[in-house]
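These numbers come from the heavy atoms of this one structure, side chains and all, not from hydrogens, waters or symmetry mates. The structure presented is a predicted model; accordingly, all values stated were derived computationally and were not measured. As the structure lists them, so they are numbered: ligands from 1, and atoms in each ligand from 1.
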Amino acid sequence: MTRERVEVAVVGGGPVGLMVACELALAGVGVSVFERRTERVSQSRALSLHPRSLEVLALRGLADRFMARGQRLPLGHYAALETRLDFSVLETAFPFSLFIPQTVTEALLEARARELGVDIRRGHLLTRLEQFPEEVHLEGTCGGGTFHAAARYVVGADGARSAVRTLAGIAFPGADATMSLMLGDIVLSEPLPQPALVVSNLKGVLMIAPLGDGLHHRAVVLDPERTGVPVSEPVTLEELAGSVRAIAGTDFGMKAPFWLSRFGNETRHAATYRDGRVFLAGDAAHVHLPAGGQGLNVGLQDAMNLGWKLVGVLRGWAPEPLLDSYQHERHPVGAHLIQNTLSQSALLYATHPAGQALRAAMSKLLTLPTANRMLAEQISAFDVAYPDPVLPAPPGMAAEPGVTGKRLPDFALHCEDGVTRTLYSLLHEGRWLMLRRPSAGGPASQAVPWGRWTSTVVAEPQGGPEELRPWPSLLVRPDGRVGYVARA
Ligand SMILES: Cc1cc2nc3c(=O)[nH]c(=O)nc-3n(C[C@H](O)[C@H](O)[C@H](O)COP(=O)(O)OP(=O)(O)OC[C@H]3O[C@@H](n4cnc5c(N)ncnc54)[C@H](O)[C@@H]3O)c2cc1C
(Lines give C-alpha, C1' and ligand atoms only; values in the text may rest on other atoms or scores of the structure.)
Protein backbone atom coordinates (compact mmCIF):
# COMPACT_ATOMS: atom_id res chain seq x y z
CA MET A 1 0.00 0.00 0.00
CA THR A 2 1.36 3.41 -0.96
CA ARG A 3 0.93 6.12 1.62
CA GLU A 4 1.17 9.58 0.12
CA ARG A 5 3.07 12.11 2.26
CA VAL A 6 1.84 15.68 2.78
CA GLU A 7 2.99 18.26 5.28
CA VAL A 8 -0.51 19.17 6.43
CA ALA A 9 -3.75 17.37 5.64
CA VAL A 10 -6.84 19.53 5.99
CA VAL A 11 -10.00 17.46 6.22
CA GLY A 12 -13.02 19.41 4.96
CA GLY A 13 -13.08 21.87 2.08
CA GLY A 14 -15.66 24.25 3.57
CA PRO A 15 -14.79 27.87 4.27
CA VAL A 16 -12.66 27.09 7.31
CA GLY A 17 -10.64 24.29 5.73
CA LEU A 18 -10.00 26.43 2.65
CA MET A 19 -8.90 29.37 4.82
CA VAL A 20 -6.43 27.22 6.79
CA ALA A 21 -5.11 25.82 3.54
CA CYS A 22 -4.60 29.34 2.14
CA GLU A 23 -2.68 30.41 5.24
CA LEU A 24 -0.38 27.40 5.00
CA ALA A 25 0.15 27.58 1.25
CA LEU A 26 0.99 31.27 1.50
CA ALA A 27 4.11 30.22 3.40
CA GLY A 28 4.91 27.46 0.94
CA VAL A 29 3.74 24.61 3.19
CA GLY A 30 2.56 21.56 1.25
CA VAL A 31 -1.12 21.19 2.02
CA SER A 32 -3.80 18.83 0.74
CA VAL A 33 -7.50 19.36 1.37
CA PHE A 34 -9.58 16.17 1.54
CA GLU A 35 -13.23 16.99 0.85
CA ARG A 36 -15.91 14.31 0.70
CA ARG A 37 -18.18 16.23 -1.70
CA THR A 38 -17.48 16.07 -5.41
CA GLU A 39 -19.17 19.47 -5.92
CA ARG A 40 -19.84 22.46 -3.72
CA VAL A 41 -23.45 22.72 -2.45
CA SER A 42 -25.53 25.42 -4.09
CA GLN A 43 -27.33 26.58 -0.92
CA SER A 44 -25.76 29.07 1.44
CA ARG A 45 -26.06 28.65 5.17
CA ALA A 46 -24.04 31.73 6.19
CA LEU A 47 -24.86 35.13 4.77
CA SER A 48 -22.88 37.59 6.82
CA LEU A 49 -19.22 38.41 7.18
CA HIS A 50 -18.64 40.64 10.18
CA PRO A 51 -16.02 43.39 10.63
CA ARG A 52 -13.19 41.29 12.09
CA SER A 53 -13.54 38.66 9.36
CA LEU A 54 -13.34 41.41 6.76
CA GLU A 55 -10.18 42.63 8.48
CA VAL A 56 -8.80 39.09 8.46
CA LEU A 57 -9.40 38.93 4.71
CA ALA A 58 -7.90 42.40 4.26
CA LEU A 59 -4.79 41.27 6.16
CA ARG A 60 -4.18 38.88 3.28
CA GLY A 61 -5.20 41.30 0.53
CA LEU A 62 -8.48 39.50 -0.15
CA ALA A 63 -11.13 41.90 1.16
CA ASP A 64 -11.70 43.63 -2.20
CA ARG A 65 -12.71 40.37 -3.84
CA PHE A 66 -15.36 39.85 -1.18
CA MET A 67 -16.52 43.48 -1.09
CA ALA A 68 -17.16 43.31 -4.83
CA ARG A 69 -19.54 40.37 -4.37
CA GLY A 70 -21.54 41.39 -1.29
CA GLN A 71 -23.82 44.05 0.04
CA ARG A 72 -22.86 46.25 3.01
CA LEU A 73 -25.31 46.66 5.89
CA PRO A 74 -24.22 48.87 8.79
CA LEU A 75 -26.58 47.07 11.16
CA GLY A 76 -26.35 43.65 12.75
CA HIS A 77 -28.67 42.08 15.27
CA TYR A 78 -28.64 40.44 18.66
CA ALA A 79 -31.44 37.90 19.11
CA ALA A 80 -33.50 39.82 16.53
CA LEU A 81 -34.15 42.57 19.09
CA GLU A 82 -35.95 45.61 17.74
CA THR A 83 -32.93 47.86 18.40
CA ARG A 84 -30.37 46.76 15.88
CA LEU A 85 -26.64 46.54 16.50
CA ASP A 86 -24.85 49.52 15.02
CA PHE A 87 -21.43 48.46 13.70
CA SER A 88 -20.72 51.97 12.41
CA VAL A 89 -19.30 52.92 15.84
CA LEU A 90 -16.40 50.46 15.45
CA GLU A 91 -12.97 51.87 14.61
CA THR A 92 -12.24 49.92 11.47
CA ALA A 93 -12.14 50.25 7.71
CA PHE A 94 -15.09 47.79 7.74
CA PRO A 95 -17.74 49.18 10.11
CA PHE A 96 -20.53 47.02 8.66
CA SER A 97 -21.66 43.51 7.96
CA LEU A 98 -21.14 42.21 4.45
CA PHE A 99 -24.07 40.18 3.15
CA ILE A 100 -22.52 37.57 0.92
CA PRO A 101 -23.79 34.02 0.37
CA GLN A 102 -21.60 31.25 1.81
CA THR A 103 -21.35 29.70 -1.67
CA VAL A 104 -19.63 32.88 -2.88
CA THR A 105 -17.32 32.96 0.17
CA GLU A 106 -16.34 29.35 -0.50
CA ALA A 107 -15.85 29.93 -4.23
CA LEU A 108 -13.58 32.93 -3.55
CA LEU A 109 -11.55 31.03 -0.96
CA GLU A 110 -11.24 28.01 -3.23
CA ALA A 111 -10.05 30.22 -6.09
CA ARG A 112 -7.46 31.75 -3.76
CA ALA A 113 -6.35 28.33 -2.52
CA ARG A 114 -5.87 27.15 -6.10
CA GLU A 115 -3.90 30.31 -6.94
CA LEU A 116 -1.58 29.41 -4.07
CA GLY A 117 -1.20 25.86 -5.33
CA VAL A 118 -3.28 24.03 -2.71
CA ASP A 119 -4.01 20.46 -3.68
CA ILE A 120 -7.80 20.08 -3.32
CA ARG A 121 -9.07 16.50 -3.47
CA ARG A 122 -12.80 16.39 -3.92
CA GLY A 123 -14.70 13.13 -3.47
CA HIS A 124 -12.37 12.05 -0.63
CA LEU A 125 -14.16 10.89 2.53
CA LEU A 126 -11.97 10.40 5.59
CA THR A 127 -12.85 7.25 7.52
CA ARG A 128 -9.74 6.41 9.61
CA LEU A 129 -7.04 8.34 11.38
CA GLU A 130 -4.17 7.14 13.55
CA GLN A 131 -1.53 9.21 15.31
CA PHE A 132 2.15 8.28 15.57
CA PRO A 133 4.98 10.27 17.23
CA GLU A 134 6.15 11.82 13.93
CA GLU A 135 3.04 11.77 11.73
CA VAL A 136 -0.64 11.00 11.37
CA HIS A 137 -2.00 8.33 9.04
CA LEU A 138 -5.24 9.00 7.21
CA GLU A 139 -7.42 6.62 5.29
CA GLY A 140 -10.63 7.04 3.38
CA THR A 141 -12.68 6.33 0.31
CA CYS A 142 -12.53 8.03 -3.07
CA GLY A 143 -14.07 7.18 -6.42
CA GLY A 144 -14.96 3.62 -5.37
CA GLY A 145 -11.45 3.00 -4.04
CA THR A 146 -9.45 3.97 -0.98
CA PHE A 147 -6.80 6.57 -0.28
CA HIS A 148 -3.93 6.46 2.23
CA ALA A 149 -1.96 9.49 3.32
CA ALA A 150 0.52 10.47 6.01
CA ALA A 151 0.76 14.04 7.28
CA ARG A 152 2.88 15.86 9.85
CA TYR A 153 -0.28 17.57 11.09
CA VAL A 154 -4.01 17.21 10.45
CA VAL A 155 -6.59 19.98 10.65
CA GLY A 156 -10.15 18.79 11.15
CA ALA A 157 -12.31 21.40 9.45
CA ASP A 158 -14.93 18.83 8.60
CA GLY A 159 -17.93 20.47 10.19
CA ALA A 160 -20.35 19.72 13.00
CA ARG A 161 -20.27 15.92 12.55
CA SER A 162 -16.47 15.96 12.29
CA ALA A 163 -14.93 12.55 11.60
CA VAL A 164 -11.52 13.91 12.64
CA ARG A 165 -12.89 14.87 16.06
CA THR A 166 -14.53 11.47 16.55
CA LEU A 167 -11.53 9.48 15.25
CA ALA A 168 -9.15 11.49 17.47
CA GLY A 169 -11.40 10.71 20.44
CA ILE A 170 -12.04 14.37 21.29
CA ALA A 171 -15.20 14.81 23.37
CA PHE A 172 -17.90 17.19 22.12
CA PRO A 173 -19.97 17.94 25.21
CA GLY A 174 -23.11 20.04 25.05
CA ALA A 175 -26.82 19.74 24.49
CA ASP A 176 -29.10 18.46 21.74
CA ALA A 177 -31.42 20.89 19.98
CA THR A 178 -34.47 21.90 21.99
CA MET A 179 -36.12 23.91 19.22
CA SER A 180 -36.10 24.38 15.46
CA LEU A 181 -36.53 27.43 13.25
CA MET A 182 -37.49 27.67 9.57
CA LEU A 183 -35.46 29.20 6.80
CA GLY A 184 -36.53 30.12 3.28
CA ASP A 185 -34.52 31.67 0.48
CA ILE A 186 -37.36 33.09 -1.56
CA VAL A 187 -38.33 35.79 -4.02
CA LEU A 188 -40.51 38.58 -2.59
CA SER A 189 -43.16 40.14 -4.82
CA GLU A 190 -43.79 43.02 -2.39
CA PRO A 191 -41.18 45.44 -1.08
CA LEU A 192 -40.03 45.27 2.53
CA PRO A 193 -40.58 48.38 4.68
CA GLN A 194 -36.80 48.37 5.43
CA PRO A 195 -33.83 46.64 3.73
CA ALA A 196 -33.59 44.10 6.56
CA LEU A 197 -36.79 43.50 8.51
CA VAL A 198 -37.10 42.19 12.08
CA VAL A 199 -40.49 41.55 13.69
CA SER A 200 -41.01 39.95 17.09
CA ASN A 201 -44.33 39.48 18.95
CA LEU A 202 -46.43 36.83 20.69
CA LYS A 203 -46.80 35.01 17.35
CA GLY A 204 -43.05 34.55 16.93
CA VAL A 205 -39.93 36.10 15.48
CA LEU A 206 -39.28 36.93 11.83
CA MET A 207 -36.14 38.21 10.11
CA ILE A 208 -35.96 38.95 6.40
CA ALA A 209 -32.78 40.19 4.74
CA PRO A 210 -31.38 40.29 1.19
CA LEU A 211 -29.42 37.19 0.23
CA GLY A 212 -26.85 39.35 -1.49
CA ASP A 213 -27.44 37.92 -4.99
CA GLY A 214 -29.81 40.73 -5.99
CA LEU A 215 -32.73 38.31 -6.46
CA HIS A 216 -33.54 36.40 -3.30
CA HIS A 217 -34.30 37.28 0.31
CA ARG A 218 -33.77 35.03 3.30
CA ALA A 219 -36.64 34.65 5.73
CA VAL A 220 -35.85 33.11 9.13
CA VAL A 221 -38.87 32.31 11.24
CA LEU A 222 -39.36 31.18 14.81
CA ASP A 223 -42.97 30.10 15.15
CA PRO A 224 -43.65 28.90 18.72
CA GLU A 225 -46.30 26.51 17.32
CA ARG A 226 -43.65 24.82 15.19
CA THR A 227 -40.41 24.92 17.20
CA GLY A 228 -40.94 21.27 18.22
CA VAL A 229 -40.79 20.05 14.60
CA PRO A 230 -37.61 17.99 14.10
CA VAL A 231 -34.94 19.60 11.88
CA SER A 232 -35.10 16.57 9.60
CA GLU A 233 -38.70 17.39 8.57
CA PRO A 234 -38.86 19.35 5.27
CA VAL A 235 -40.34 22.87 5.25
CA THR A 236 -43.00 23.80 2.68
CA LEU A 237 -43.49 27.26 1.23
CA GLU A 238 -47.05 27.28 2.58
CA GLU A 239 -45.84 26.44 6.10
CA LEU A 240 -43.20 29.20 5.99
CA ALA A 241 -45.54 31.80 4.44
CA GLY A 242 -48.29 30.91 6.94
CA SER A 243 -46.00 31.58 9.89
CA VAL A 244 -44.73 34.79 8.31
CA ARG A 245 -48.33 36.01 7.81
CA ALA A 246 -49.16 35.21 11.44
CA ILE A 247 -46.20 37.26 12.68
CA ALA A 248 -46.08 40.14 10.19
CA GLY A 249 -49.65 40.27 8.85
CA THR A 250 -48.36 39.67 5.31
CA ASP A 251 -46.03 37.19 3.63
CA PHE A 252 -44.70 39.88 1.25
CA GLY A 253 -45.84 37.73 -1.67
CA MET A 254 -43.08 35.18 -1.08
CA LYS A 255 -42.67 32.69 -3.91
CA ALA A 256 -40.17 30.67 -5.93
CA PRO A 257 -38.23 29.14 -3.04
CA PHE A 258 -34.61 28.37 -3.85
CA TRP A 259 -34.01 26.64 -0.51
CA LEU A 260 -36.31 25.73 2.37
CA SER A 261 -34.82 24.23 5.50
CA ARG A 262 -35.02 23.87 9.26
CA PHE A 263 -32.20 24.35 11.73
CA GLY A 264 -31.90 24.00 15.48
CA ASN A 265 -30.04 25.16 18.57
CA GLU A 266 -27.82 22.13 19.19
CA THR A 267 -24.93 23.53 21.23
CA ARG A 268 -21.60 21.77 21.69
CA HIS A 269 -17.98 22.71 22.24
CA ALA A 270 -14.98 20.44 21.70
CA ALA A 271 -13.21 19.58 24.95
CA THR A 272 -9.92 20.51 23.29
CA TYR A 273 -8.91 22.02 19.94
CA ARG A 274 -5.67 20.01 19.90
CA ASP A 275 -4.84 16.39 20.43
CA GLY A 276 -1.18 15.76 19.57
CA ARG A 277 -0.83 16.37 15.84
CA VAL A 278 -4.55 16.85 15.27
CA PHE A 279 -6.33 20.23 15.44
CA LEU A 280 -9.97 21.21 15.15
CA ALA A 281 -11.28 24.44 13.62
CA GLY A 282 -14.68 25.90 12.74
CA ASP A 283 -17.85 23.88 13.21
CA ALA A 284 -15.76 20.80 14.01
CA ALA A 285 -14.86 22.64 17.23
CA HIS A 286 -18.07 24.52 18.02
CA VAL A 287 -21.74 24.29 17.05
CA HIS A 288 -24.57 26.52 18.27
CA LEU A 289 -27.68 28.33 17.13
CA PRO A 290 -26.63 30.47 14.14
CA ALA A 291 -27.77 33.65 15.91
CA GLY A 292 -26.07 36.87 14.95
CA GLY A 293 -24.34 35.02 12.07
CA GLN A 294 -21.12 33.99 13.77
CA GLY A 295 -20.08 30.38 13.07
CA LEU A 296 -18.31 30.92 9.77
CA ASN A 297 -16.79 34.17 11.01
CA VAL A 298 -15.32 32.58 14.12
CA GLY A 299 -14.13 29.64 12.02
CA LEU A 300 -12.20 31.92 9.65
CA GLN A 301 -10.54 33.47 12.67
CA ASP A 302 -9.70 30.01 14.10
CA ALA A 303 -8.10 29.28 10.74
CA MET A 304 -5.92 32.38 10.75
CA ASN A 305 -4.84 31.78 14.34
CA LEU A 306 -3.79 28.20 13.61
CA GLY A 307 -2.24 28.78 10.18
CA TRP A 308 0.79 30.90 11.05
CA LYS A 309 1.57 28.80 14.11
CA LEU A 310 1.71 25.59 12.06
CA VAL A 311 3.91 27.46 9.57
CA GLY A 312 6.26 28.50 12.38
CA VAL A 313 6.73 24.98 13.69
CA LEU A 314 6.94 23.33 10.26
CA ARG A 315 9.45 25.89 9.01
CA GLY A 316 11.49 25.67 12.21
CA TRP A 317 11.32 29.31 13.33
CA ALA A 318 9.06 28.55 16.30
CA PRO A 319 9.21 25.87 18.97
CA GLU A 320 6.58 23.18 19.00
CA PRO A 321 4.75 24.49 22.15
CA LEU A 322 3.62 27.49 20.07
CA LEU A 323 0.94 25.12 18.80
CA ASP A 324 -0.56 24.90 22.30
CA SER A 325 -1.33 28.59 22.12
CA TYR A 326 -3.98 27.76 19.50
CA GLN A 327 -6.00 26.00 22.21
CA HIS A 328 -5.09 28.66 24.76
CA GLU A 329 -6.22 31.54 22.52
CA ARG A 330 -9.13 30.10 20.60
CA HIS A 331 -10.88 27.75 23.07
CA PRO A 332 -12.04 30.68 25.28
CA VAL A 333 -13.33 32.43 22.14
CA GLY A 334 -15.41 29.34 21.36
CA ALA A 335 -16.69 29.30 24.96
CA HIS A 336 -17.82 32.94 24.67
CA LEU A 337 -19.46 32.17 21.35
CA ILE A 338 -21.43 29.38 23.01
CA GLN A 339 -22.48 31.73 25.81
CA ASN A 340 -23.66 34.52 23.52
CA THR A 341 -25.63 32.17 21.27
CA LEU A 342 -27.26 30.52 24.31
CA SER A 343 -28.25 33.96 25.56
CA GLN A 344 -29.68 34.82 22.14
CA SER A 345 -31.45 31.48 22.03
CA ALA A 346 -33.26 32.29 25.31
CA LEU A 347 -34.24 35.75 24.04
CA LEU A 348 -35.44 34.44 20.69
CA TYR A 349 -37.59 31.81 22.32
CA ALA A 350 -39.17 34.41 24.62
CA THR A 351 -42.41 34.76 22.65
CA HIS A 352 -44.65 34.61 25.77
CA PRO A 353 -45.78 37.88 27.49
CA ALA A 354 -43.00 37.83 30.12
CA GLY A 355 -40.45 37.10 27.41
CA GLN A 356 -41.73 39.96 25.27
CA ALA A 357 -41.32 42.28 28.25
CA LEU A 358 -37.74 41.04 28.69
CA ARG A 359 -37.05 41.59 24.99
CA ALA A 360 -38.47 45.10 25.19
CA ALA A 361 -36.23 45.89 28.18
CA MET A 362 -33.15 44.48 26.43
CA SER A 363 -34.03 46.40 23.28
CA LYS A 364 -34.27 49.63 25.28
CA LEU A 365 -30.92 48.92 26.93
CA LEU A 366 -29.38 48.49 23.49
CA THR A 367 -30.17 52.11 22.67
CA LEU A 368 -27.41 53.00 25.17
CA PRO A 369 -24.17 53.53 23.24
CA THR A 370 -22.14 51.46 25.72
CA ALA A 371 -24.54 48.53 25.45
CA ASN A 372 -24.50 48.76 21.65
CA ARG A 373 -20.71 48.86 21.64
CA MET A 374 -20.42 45.88 23.98
CA LEU A 375 -22.63 43.62 21.88
CA ALA A 376 -21.42 44.98 18.52
CA GLU A 377 -17.85 44.20 19.61
CA GLN A 378 -18.95 40.75 20.75
CA ILE A 379 -20.72 39.80 17.51
CA SER A 380 -17.99 41.31 15.33
CA ALA A 381 -15.25 39.63 17.45
CA PHE A 382 -13.61 42.97 18.22
CA ASP A 383 -13.63 42.08 21.91
CA VAL A 384 -11.16 39.22 21.35
CA ALA A 385 -7.66 39.81 22.70
CA TYR A 386 -4.84 37.44 23.56
CA PRO A 387 -2.96 39.05 26.46
CA ASP A 388 -0.49 36.21 27.04
CA PRO A 389 2.57 36.30 24.78
CA VAL A 390 2.88 33.17 22.65
CA LEU A 391 6.67 33.21 22.30
CA PRO A 392 9.44 34.55 24.57
CA ALA A 393 9.91 38.29 23.99
CA PRO A 394 12.81 39.17 21.65
CA PRO A 395 15.74 41.06 23.25
CA GLY A 396 14.87 44.70 23.92
CA MET A 397 11.15 44.09 23.63
CA ALA A 398 8.39 43.15 26.03
CA ALA A 399 4.77 42.16 26.14
CA GLU A 400 2.72 45.13 27.31
CA PRO A 401 -0.39 44.49 29.40
CA GLY A 402 -3.48 45.87 27.71
CA VAL A 403 -1.70 46.16 24.36
CA THR A 404 -0.18 42.75 23.56
CA GLY A 405 -2.66 40.55 21.74
CA LYS A 406 -4.97 43.39 20.69
CA ARG A 407 -6.10 43.64 17.08
CA LEU A 408 -4.73 46.56 15.12
CA PRO A 409 -7.03 48.40 12.74
CA ASP A 410 -5.60 49.24 9.35
CA PHE A 411 -3.89 52.64 9.26
CA ALA A 412 -1.54 54.53 6.99
CA LEU A 413 2.24 54.49 7.44
CA HIS A 414 4.54 57.03 5.92
CA CYS A 415 7.47 54.78 5.04
CA GLU A 416 11.19 55.63 4.94
CA ASP A 417 11.24 55.41 1.14
CA GLY A 418 8.64 58.22 0.94
CA VAL A 419 5.76 55.92 0.03
CA THR A 420 2.61 55.78 2.14
CA ARG A 421 1.44 52.23 2.73
CA THR A 422 -1.24 50.72 4.93
CA LEU A 423 -0.37 48.43 7.81
CA TYR A 424 -2.42 45.56 6.43
CA SER A 425 -0.69 45.75 3.05
CA LEU A 426 2.56 44.94 4.87
CA LEU A 427 1.05 41.76 6.32
CA HIS A 428 -0.23 40.19 3.11
CA GLU A 429 2.52 37.56 3.15
CA GLY A 430 1.58 36.32 6.61
CA ARG A 431 4.94 37.20 8.19
CA TRP A 432 5.70 39.02 11.43
CA LEU A 433 6.28 42.75 10.99
CA MET A 434 8.77 44.91 12.90
CA LEU A 435 7.48 48.46 12.67
CA ARG A 436 10.07 51.07 13.67
CA ARG A 437 9.75 54.81 13.91
CA PRO A 438 12.49 56.59 11.86
CA SER A 439 14.04 58.40 14.82
CA ALA A 440 13.93 55.41 17.14
CA GLY A 441 16.76 52.97 17.59
CA GLY A 442 15.37 49.75 18.91
CA PRO A 443 15.71 46.21 17.64
CA ALA A 444 15.61 45.28 13.97
CA SER A 445 14.25 42.01 12.76
CA GLN A 446 17.72 40.41 13.03
CA ALA A 447 17.34 40.62 16.82
CA VAL A 448 14.15 38.60 16.69
CA PRO A 449 14.75 34.86 17.11
CA TRP A 450 12.24 34.23 14.31
CA GLY A 451 13.82 37.07 12.29
CA ARG A 452 13.83 35.17 9.02
CA TRP A 453 10.04 35.18 9.22
CA THR A 454 9.92 38.89 10.11
CA SER A 455 9.90 41.92 7.81
CA THR A 456 11.13 45.29 9.06
CA VAL A 457 9.54 48.55 7.99
CA VAL A 458 10.74 51.97 9.12
CA ALA A 459 7.73 54.27 9.05
CA GLU A 460 5.86 57.02 10.83
CA PRO A 461 2.25 56.03 11.56
CA GLN A 462 -0.36 58.44 10.20
CA GLY A 463 -3.11 57.88 12.76
CA GLY A 464 -3.59 54.48 14.29
CA PRO A 465 -4.60 53.65 17.85
CA GLU A 466 -3.63 56.15 20.57
CA GLU A 467 -2.24 53.47 22.86
CA LEU A 468 0.52 52.65 20.35
CA ARG A 469 1.89 56.19 20.22
CA PRO A 470 4.39 55.87 23.09
CA TRP A 471 6.39 53.03 21.53
CA PRO A 472 9.24 53.50 19.07
CA SER A 473 8.85 50.03 17.66
CA LEU A 474 6.26 47.37 17.55
CA LEU A 475 6.40 43.72 16.59
CA VAL A 476 3.14 42.77 14.91
CA ARG A 477 1.99 39.15 14.70
CA PRO A 478 1.10 37.65 11.30
CA ASP A 479 -2.58 37.93 12.29
CA GLY A 480 -2.33 41.71 12.71
CA ARG A 481 -2.23 41.70 16.51
CA VAL A 482 0.34 43.40 18.69
CA GLY A 483 3.06 40.98 19.74
CA TYR A 484 5.67 43.01 21.62
CA VAL A 485 6.71 46.64 22.04
CA ALA A 486 10.14 48.21 22.52
CA ARG A 487 10.75 51.21 24.72
CA ALA A 488 13.01 54.01 23.49
C1 LIG B 1 -29.19 28.60 8.74
C2 LIG B 1 -27.76 28.93 9.02
C3 LIG B 1 -27.33 30.23 8.85
C4 LIG B 1 -26.02 30.57 9.15
N5 LIG B 1 -25.62 31.86 8.99
C6 LIG B 1 -24.36 32.21 9.31
C7 LIG B 1 -23.90 33.55 9.11
O8 LIG B 1 -24.63 34.41 8.63
N9 LIG B 1 -22.63 33.85 9.46
C10 LIG B 1 -21.80 32.90 9.96
O11 LIG B 1 -20.66 33.25 10.31
N12 LIG B 1 -22.18 31.62 10.11
C13 LIG B 1 -23.43 31.25 9.79
N14 LIG B 1 -23.82 29.95 9.89
C15 LIG B 1 -22.83 28.93 10.30
C16 LIG B 1 -21.91 28.54 9.13
O17 LIG B 1 -22.68 28.05 8.05
C18 LIG B 1 -20.92 27.48 9.60
O19 LIG B 1 -20.36 27.93 10.80
C20 LIG B 1 -19.82 27.25 8.56
O21 LIG B 1 -20.30 26.56 7.44
C22 LIG B 1 -18.68 26.42 9.18
O23 LIG B 1 -17.70 26.19 8.23
P24 LIG B 1 -16.75 24.91 8.34
O25 LIG B 1 -15.82 25.00 7.20
O26 LIG B 1 -16.24 24.81 9.73
O27 LIG B 1 -17.73 23.67 8.19
P28 LIG B 1 -18.63 23.24 6.94
O29 LIG B 1 -19.08 24.42 6.18
O30 LIG B 1 -19.66 22.33 7.50
O31 LIG B 1 -17.62 22.44 6.02
C32 LIG B 1 -17.17 21.16 6.39
C33 LIG B 1 -16.73 20.42 5.14
O34 LIG B 1 -16.18 19.16 5.53
C35 LIG B 1 -16.63 18.16 4.63
N36 LIG B 1 -16.56 16.87 5.33
C37 LIG B 1 -17.33 16.45 6.36
N38 LIG B 1 -16.94 15.22 6.76
C39 LIG B 1 -15.90 14.86 5.97
C40 LIG B 1 -15.07 13.71 5.90
N41 LIG B 1 -15.22 12.67 6.74
N42 LIG B 1 -14.09 13.65 4.96
C43 LIG B 1 -13.90 14.71 4.10
N44 LIG B 1 -14.67 15.82 4.13
C45 LIG B 1 -15.65 15.91 5.05
C46 LIG B 1 -18.04 18.61 4.27
O47 LIG B 1 -18.48 18.05 3.06
C48 LIG B 1 -17.89 20.12 4.21
O49 LIG B 1 -17.58 20.57 2.91
C50 LIG B 1 -25.12 29.58 9.61
C51 LIG B 1 -25.55 28.27 9.76
C52 LIG B 1 -26.86 27.94 9.47
C53 LIG B 1 -27.33 26.52 9.64
For this session: Return yes if some donor-acceptor pair links the side-chain N/O of Ser363 with the main-chain N/O of Thr83 below 3.5 Å, else return no.
Result: yes
For this session: Look only at the side chain of Asn201 and the backbone of Ile247, and say whether a donor-acceptor pair between them is shorter than 3.5 Å.
Result: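 Judged by distance alone, yes, a pair lies under 3.5 Å.
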Going by heavy atoms in the side chains, are [X] and [Y] under 4.5 Å from each other?
X	Y	answer
Trp259	His216	no
Val155	Val31	no
Leu49	Leu57	yes

Numbered atoms and elements of ligand 1 in range of [X], under 4.0 angstrom, heavy atoms:
X	answer
Arg37	46 (C), 47 (O), 48 (C), 49 (O)
Ala157	32 (C), 33 (C), 34 (O)
Gly293	6 (C), 7 (C), 8 (O), 9 (N), 10 (C), 11 (O)
His124	42 (N), 43 (C)
Phe34	43 (C), 44 (N)
Pro15	23 (O), 25 (O), 29 (O)

For [X], look at atom [atom1] and say whether over 12 heavy atoms of other residues, nucleotides or ligands are found less than 6.0 Å away.
X	atom1	value
Glu82	CD	no
His148	NE2	yes
Arg128	CZ	no
Arg3	CZ	yes

Purely on distance, is any nitrogen or oxygen of [X] under 3.5 Å from one on ligand 1?
X	value
Gly282	no
Val11	no
Leu296	yes
Arg218	no

Any idea which protein heavy atom is nearest [atom], and the distance to it?
atom	result
atom 37 (C) of ligand 1	Asp158 O, 3.3 Å
atom 31 (O) of ligand 1	Gly14 CA, 3.6 Å
atom 26 (O) of ligand 1	Asp283 N, 3.0 Å
atom 25 (O) of ligand 1	Val16 N, 3.1 Å
atom 50 (C) of ligand 1	Pro290 CB, 3.6 Å
atom 41 (N) of ligand 1	Leu126 O, 3.3 Å
atom 45 (C) of ligand 1	Arg36 CG, 3.7 Å

Is the contact between [X] and ligand 1 made by the side chain, the backbone, both, or neither, using heavy atoms and a 4.0 Å cut-off?
X	answer
Ser48	both
Leu183	side chain
Gln102	side chain
Ser162	neither
Ala163	side chain
Gln294	backbone

Of the listed options ([options]), which comes nearest to [atom] when hydrogens are ignored and any heavy atom counts?
atom	options	value
atom 27 (O) of ligand 1	Ser44, Gly159, Gly156	Gly159
atom 35 (C) of ligand 1	Arg40, Gln43, Arg45, Glu35	Glu35
atom 5 (N) of ligand 1	Gly12, Ala285, Ala160, Ala46	Ala46

Exercise. Can we call the ring centroids of His331 and His269 under 6.0 Å apart?
Worked result: yes
Exercise. Does Gly299 come within less than 4.0 Å of ligand 1, judged by its heavy atoms?
Worked result: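 Contact check Gly299 vs ligand 1: negative.
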Problem set entry | Proximity flag Ala284 to ligand 1, non-hydrogen atoms under 4.0 Å | no
Exercise. Would Arg52 count as a cation-pi partner of Phe382, with NZ or CZ less than 6.0 Å from the six-membered ring centre and within 45° of the ring normal?
Worked result: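 Judged by the rule, Arg52 and Phe382 form no cation-pi pair.
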Exercise. Are Arg274 and Tyr326 in a cation-pi contact, defined as NZ or CZ under 6.0 Å from the six-membered ring centre and within 45° of the axis?
Worked result: no
Exercise. Would you say the side-chain atoms of Ser243 and Arg226 include a donor-acceptor pair closer than 3.5 Å?
Worked result: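 There is no such pair between these side chains.
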For this session: Mind checking ring pair (Phe, Tyr, Trp, His ring centres under 6.0 Å) for His50 and listing every partner two or more places apart, or none if nothing turns up?
Result: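 Residues passing ring pair (Phe, Tyr, Trp, His ring centres under 6.0 Å) with His50: Phe87.
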Problem set entry | Over all atoms of both residues, closest heavy-atom pair of Gly307 and Leu24 | O-CD2, 3.7 Å
Problem set entry | Closest heavy-atom pair and its distance - Cys22, Leu109 | SG-O, 3.8 Å
